[in-house]
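What you see is a predicted model; the values in this text were computed from it and never measured. Any value given below was found using the heavy atoms of this structure, including those in side chains, with hydrogens, waters and symmetry copies removed.
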Amino acid sequence: MTVVRLQENAPWAEHELTSGQAAALAAAELVRIAPGPRPGLWRLRDNGLIGAARIGPRHDPVEVRVRPKTPIDRLLFLLGYARQPRGWRQNTVDAGERPDLVPALAHAFARSAERALRQGVLLGYREREVALPVVRGRIRMVDQVRRRHGLPLPVEVRYDDYTVDIAENQLLLAAAHRLLRLPGVPAEHPEAAPPPAAETGRRDTTRPGKAPARLDAVPP
């Protein structure tokens, strides 16, 4: 895969691209593109957009990364302030020294997840309908008669389970797994600070290369 790195408001830069990649970039209009001095060489420049995008067919994609002229910490401040000025906090977000936006967000997410889970995973109630060898909660009489045909066991029951398998934890776990699949997120961060002890021992929950350890009990 070809990776094109550009800087916002920087001069034209030359990159080797196939004709298919050049056509895909021109059609997407994410960057400005013009023929270079020789075949296969193209001149590219940002088109007023920043961020990263993968364009083109699966067998011949091109990934464009446009770095903003504004430092990432200030850019995130502006984004958050524009969304909710009164709700913006002045807390410092530890994103470390990272040149690209995605690794910085990955590290900030890992830090935030570690702080959110410091006191343990959030628990809540979920209604479950299962067959058990003992009575728990309420017996579902209609299902018991229909499925067991007069047999006493197992018992079809309905009960409220106090569990970690709730929507809040599912969203956090899904976000962590989705983040791990993004290109540019490193598997390890040796400079990450040691996390607090988890229930099963000390594990590193601040590394973007791993899902938060305290979410291990949450079903995928």
Side-chain angles (χ1 to χ4, degrees), residues 1-113 171-172 174-192 206-211:
M1 180 180 64
T2 303
V3 178
V4 174
R5 298 179 184 272
L6 303 173
Q7 179 77 33
E8 183 185 10
N9 289 344
W12 290 87
E14 295 182 348
H15 292 271
E16 295 277 354
L17 299 173
T18 65
S19 58
Q21 291 173 339
L25 287 177
E29 298 183 349
L30 297 179
V31 296
R32 286 178 282 180
I33 183 170
R38 59 177 176 80
L41 190 64
W42 297 83
R43 301 173 65 240
L44 291 93
R45 189 177 182 183
D46 74 282
N47 199 20
L49 302 172
I50 60 172
R54 185 174 297 177
I55 306 168
R58 185 181 299 271
H59 65 277
D60 189 27
V62 55
E63 185 171 290
V64 179
R65 299 182 183 181
V66 182
R67 184 183 304 176
K69 60 181 180 181
T70 304
I72 285 187
D73 59 343
R74 301 306 302 164
L75 180 63
L76 293 179
F77 169 80
L78 293 173
L79 290 173
Y81 188 84
R83 180 176 178 85
Q84 190 177 6
R86 295 184 180 180
W88 183 258
R89 300 179 181 179
Q90 296 297 331
N91 300 6
T92 300
V93 177
D94 181 12
E97 293 293 332
R98 287 164 181 82
D100 293 325
L101 178 61
V102 173
L105 289 177
H107 193 82
F109 173 85
R111 291 287 189 179
S112 298
L171 289 172
L172 187 59
H177 284 301
R178 182 67 182 89
L179 192 64
L180 293 176
R181 293 196 294 269
L182 294 178
V185 177
E188 299 289 341
H189 275 289
E191 74 279 11
T206 61
R207 297 182 178 180
K210 301 178 181 178

Going by side-chain hydrogen bond (donor to acceptor under 3.5 Å, both in side chains), name the pairs with one or both residues in residues 31-57, residues two or more places apart or in two chains.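 Passing the test, one end in residues 31-57: E16-R38, R54-E63.
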With side chains defined as the heavy atoms from C-beta onward, is the minimum distance between V4 and L17 less than 4.5 Å?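 Touching, per the 4.5 Å side-chain cut-off.
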Heavy-atom donor-acceptor pair, E8 side chain to G48 backbone, under 3.5 Å: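 Not confirmed, E8 side chain does not pair with G48 backbone.
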Backbone N or O of L44 within a donor-acceptor pair of the E14 side chain at under 3.5 Å? no
Spacing of [X] atom [atom1] and [Y] atom [atom2] [to the nearest 0.5 Å]:
X	Y	atom1	atom2	answer
F109	L180	CZ	CG	8.5 Å
I55	T2	CD1	OG1	12.0 Å
L6	L49	CG	CG	11.5 Å

Where [X] and [Y] come nearest, the two heavy atoms and their spacing:
X	Y	result
R65	A52	CG-CB, 4.0 Å
A24	G56	CB-CA, 4.0 Å
L179	A106	CD2-CA, 3.5 Å

Tell me, which pairs form a salt bridge (charged side-chain N to carboxylate O under 4.0 Å, His left out) where one or both residues lie in residues 17-31, sequence neighbours left out?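 Checked against salt bridge (charged side-chain N to carboxylate O under 4.0 Å, His left out) - neighbours excluded - no pair reaches residues 17-31.
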